[in-house]
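Reading through the structure tokens given below for one structure.
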Amino acid sequence: MSNEPIIAIKDVTFTYPGENKPVLNNVSLAVERGSFVAILGSNGSGKSTLCKLMNGLIPHYYVGDFEGTVTVNGIQTTTGKVATLSRHVGYVYQDFENQLVRPTVLDDASFPALNYGFEDYIDRGRKALDLAGLHVDPNEFIWQLSGGQKHLLALASVLSLDPDIIIVDEPIAQLDPEHAREFYRLLHSLNKDHEKTIIVIEHHTEFIADYCDQVVLMDGGQVLWKKQTDEALQEVDELLTRHIYPPQVTEAAYKLGHYEKKWRWPITLDEAASFFSDEKLRKHRSCSNIEDAPKEELLISFNDVSFSYKTLTRQRKQVLQNLSLSIYKGENIALVGNNGAGKSSLLRLITGLSKPDSGSVQVLHHDTKKIAPEQLADVVAFIYQNPEDMFIEDSIKKDISFFLKARKREAWEGKVGQLLADFSLTELANRDGRLLSGGQQRRASLAIGVAMEPSIMLLDEPTANLDIATKKDILNVLHQVKGQVDTAIIATHDMQLVAEWATRIIVLHEGTVLHDGTRESVFTDEYLLNRAGLQQPQILQLSQRLGMPPTYSVNEFVTYRQRKEKILAHGIFP
């Protein structure tokens, strides 16, 4: 890594039109050529706005009050054109689907090179697809891809121009754990083997610890510091104060603070295995299992269900095949599996928005083929992956009221007020949901779902694109929702959410149920994890490396260690 700055931001202040407070406030930052930098901060800290300085979108496309200078590869962004800067800076946005502008995979991957007049644009597109690891039919239509595949395609289109700098906003938000790790290995290769400068906006500090060289911490529109990753993740007090969570192993060491004088905090799994190594604590083993939820009232049944959809070529793409499931009252169900495994399709079948090709789906004893989705909406609430899709009015209060008023529910105004309070939305009641932060939007979408008074709540990736602190808030809200609905089903790639919330885990793979069980049966089956593209939470990996019983959260790990150490201290350890 050279010490030469490839990006120099100096004394930049930027305020969006109509806002009184700047989103960036006197920001200065230098990014060295060849570095791998993570930008860390809570939702709303200014991370994405900072990165939009680097390709000239600010101040050319996003207008506002702008002061300061930004130089990228020797070009001043205030005088250089965005088209020129795009040759130097490739940007994969958080809303990456808006970057996909052509109908087919190869067409889209080749389009930037074609747009810049490269005669070998097709070869560039093919090479970029291979480099991005998107191994699908190049003639496949964009809309046939999963969310994770679309993310890889957006990266491929960037790579076709061979830029010196690559910026990725939330690299793994839409990827299953296996592909998330592959995505970071790809970025690592681009950095080390192809000498690209990589900048990621990332909430997952475990990936930062494993792959990034440097960390930039932002808060309140300011760059607080830039440090080497090892040094940055030692700042546990400061990170937690700003609602940023270090890797699980680091947090566990921090909470067991009496180890402080022994060594610095571990930031990777290998470091933690050495940090916590203690043969005496290996001798006593116990089991901790989640018991199967009691089988109460049957709510949903899939009976030999197959589902496909027709492509533009009139061929049918198989999504689910010969699938049978029974779902009961009182269960917290996580649907997990690779990108494209069929999770979202399964949820849509429950809503009646999609109908099975064969077999039947029964929801509260109604055959979904014989009942309109509008009628099922009285008992099934579907919370979309993009929460802004839930907002149809100009205020949160009106959105939460909509269903209750339409169904002429009695005393609806009091219920709306209670929901606003329950979901910490009272102060936001008159705000347009589309203008809220990601975490606020998630809470509002859940409140809208609960307002529908459903028996069944379906959630598609409820924690995507959220910082870890906000994810924990959403997890608390999900526990709260349990008392208001009969069962909840979540499609997710978030293994920490699965481990801490689910009482039952259904693993989908290539449209079939690969496994149906508890967190113990899923996370202790290495073959299953590899086949389904899943990964154990880091704290579980650590407990197994140490010979402890499985622990699925930092608090479980800390509690076990403290309990065993007390036993050992009193001399009664077996």
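Everything quoted here is computed from the prediction, not taken from an experiment.
For the atom pair NZ of Lys317 and CZ of Phe307, the computed distance is 12.0 Å after rounding to the nearest 0.5 Å. In this structure, CH2 in Trp143 is found 10.0 Å from NZ in Lys150, a value given to the nearest 0.5 Å. In this structure, OG1 on Thr268 lies 10.5 Å from CG on Leu542, to the nearest 0.5 angstrom. Taken from CG in Asp432 to NZ in Lys398, the straight-line distance is 10.0 Å, to the nearest 0.5 Å. Atom NE2 of residue His194 and atom NE2 of residue His188 lie 12.0 Å apart, to the nearest 0.5 angstrom. Rounding to the nearest 0.5 Å places CD of Gln222 at 10.5 Å from OG of Ser28.
Ile244 has its side chain out of reach of Asp219: every pair of non-hydrogen atoms, C-beta onward, lies at least 4.5 Å apart. Using a 4.5 Å cut-off on side-chain heavy atoms (C-beta onward), Pro246 and Leu240 make contact. With a 4.5 Å cut-off on side-chain heavy atoms, Glu461 and Ile490 do not count as touching. Looking at heavy atoms from C-beta onward, Phe391 lies in side-chain contact with Ile396 at the 4.5 angstrom threshold. Side chains of Thr197 and Asp164 form no contact here, defined as non-hydrogen atoms less than 4.5 Å apart. Within the 4.5 Å cutoff, side-chain heavy atoms of Ile267 are placed close to those of Gln234. At a threshold of 4.5 Å between non-hydrogen side-chain atoms, the residues Lys127 and Leu159 do not count as touching. Looking at Leu497 and Leu478, their side chains come closer than 4.5 Å, going by heavy atoms from C-beta outward.
The heavy-atom pair separating Leu347 from Leu459 by the smallest distance is CD1-O, 3.9 Å. When every heavy atom of Gln535 is checked against every heavy atom of Phe523, the shortest pair comes out as O-CE2, 3.8 Å. Contact detail for Asp399 and Ile392: the closest heavy-atom pair is OD1-N, 2.9 Å. Nearest approach of Asp169 to Ser48, heavy atoms of both residues: OD2-OG, 2.7 Å. When every heavy atom of Ala209 is checked against every heavy atom of Leu233, the shortest pair comes out as CB-CD1, 3.7 Å. Residues Lys47 and Gly41 come closest through the heavy atom pair NZ-O, 3.0 Å.
Residue His243 qualifies as open at atom NE2: its count of foreign heavy atoms under 6.0 Å is 12 or below. With a 6.0 Å radius and a threshold of 12 heavy atoms from other residues, nucleotides or ligands, Tyr62 has its OH atom at or below the threshold. Heavy-atom contacts from other residues, nucleotides or ligands closer than 6.0 Å to CZ of Arg126 number 12 or fewer. The number of heavy atoms from other shown groups lying within 6.0 Å of NZ (Lys397) does not exceed 12. Within 6.0 Å of atom NZ in Lys227, more than 12 heavy atoms from other residues, nucleotides or ligands are found, so the atom counts as buried in its surroundings. By the 6.0 Å contact criterion, CZ on Phe118 is enclosed, its count of non-hydrogen atoms from other residues, nucleotides or ligands being greater than 12.
Tested against Ile9 for a side-chain contact (heavy atoms from CB on, under 4.5 Å), the candidates Leu53, Thr77, Val72 yield a single pass: Leu53.
The aromatic rings of Phe207 and Tyr211 lie parallel to each other, with less than 30° between the two planes, well short of the 60° mark. Ring orientation note: the planes of Phe36 and Tyr184 are close to parallel, at an angle under 30° on the 30°/60° scale.
Note on Glu32 versus Lys226: salt bridge recorded, some NZ/NE/NH1/NH2 to OD/OE distance being below 4.0 Å. A salt bridge is defined here as a Lys NZ or Arg NE, NH1 or NH2 lying under 4.0 Å from an Asp or Glu carboxylate O, and Glu271 with Arg264 meets this definition. One finds a salt bridge joining Asp213 and Lys192 here, because a Lys/Arg side-chain nitrogen approaches an Asp/Glu carboxylate oxygen to under 4.0 Å.
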Run the side-chain hydrogen bond (donor to acceptor under 3.5 Å, both in side chains) check on Glu202 and His204 step by step: do they pass? CA-CA 6 Å; Glu202 185 58 87; His204 297 82; 2.9 Å; yes
Is there a side-chain hydrogen bond (donor to acceptor under 3.5 Å, both in side chains) between Glu238 and Trp225 once you walk through the steps? CA-CA 11 Å; Glu238 182 171 13; Trp225 44 252; 3.0 Å; yes
side-chain contact (heavy atoms from CB on, under 4.5 Å), that's the test. Do Val23 and Phe14 meet it? Break it down for me. CA-CA 6 Å; Val23 66; Phe14 179 71; 3.8 Å; yes
Mind running side-chain contact (heavy atoms from CB on, under 4.5 Å) on Val168 and Val158 for me, showing each step along the way? CA-CA 10 Å; Val168 189; Val158 161; over 6 Å; no
For the pair Leu50 and Val12, evaluate side-chain contact (heavy atoms from CB on, under 4.5 Å) and give the outcome as yes or no after the intermediate values. CA-CA 9 Å; Leu50 177 75; Val12 168; over 6 Å; no
Pair Ile539, Glu251 - check side-chain contact (heavy atoms from CB on, under 4.5 Å), show working. CA-CA 10 Å; Ile539 202 69; Glu251 186 184 356; over 6 Å; no
Test salt bridge (charged side-chain N to carboxylate O under 4.0 Å, His left out) applied to Asp162 and Lys196, step by step: CA-CA 9 Å; Asp162 195 24; Lys196 305 294 184 185; 2.4 Å; yes
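A donor-acceptor pair shorter than 3.5 Å cannot be found between the side chains of His179 and Asn338. Looking at Thr49 and Tyr16, their side chains do bring a donor and an acceptor atom within 3.5 Å of each other. Counted by atom type alone, Tyr121 and Asn115 present zero donor-acceptor pairs between their side chains at under 3.5 Å.
Judged by distance alone, the side chain of Ser35 and the main-chain N or O of Val37 form no donor-acceptor pair under 3.5 Å.
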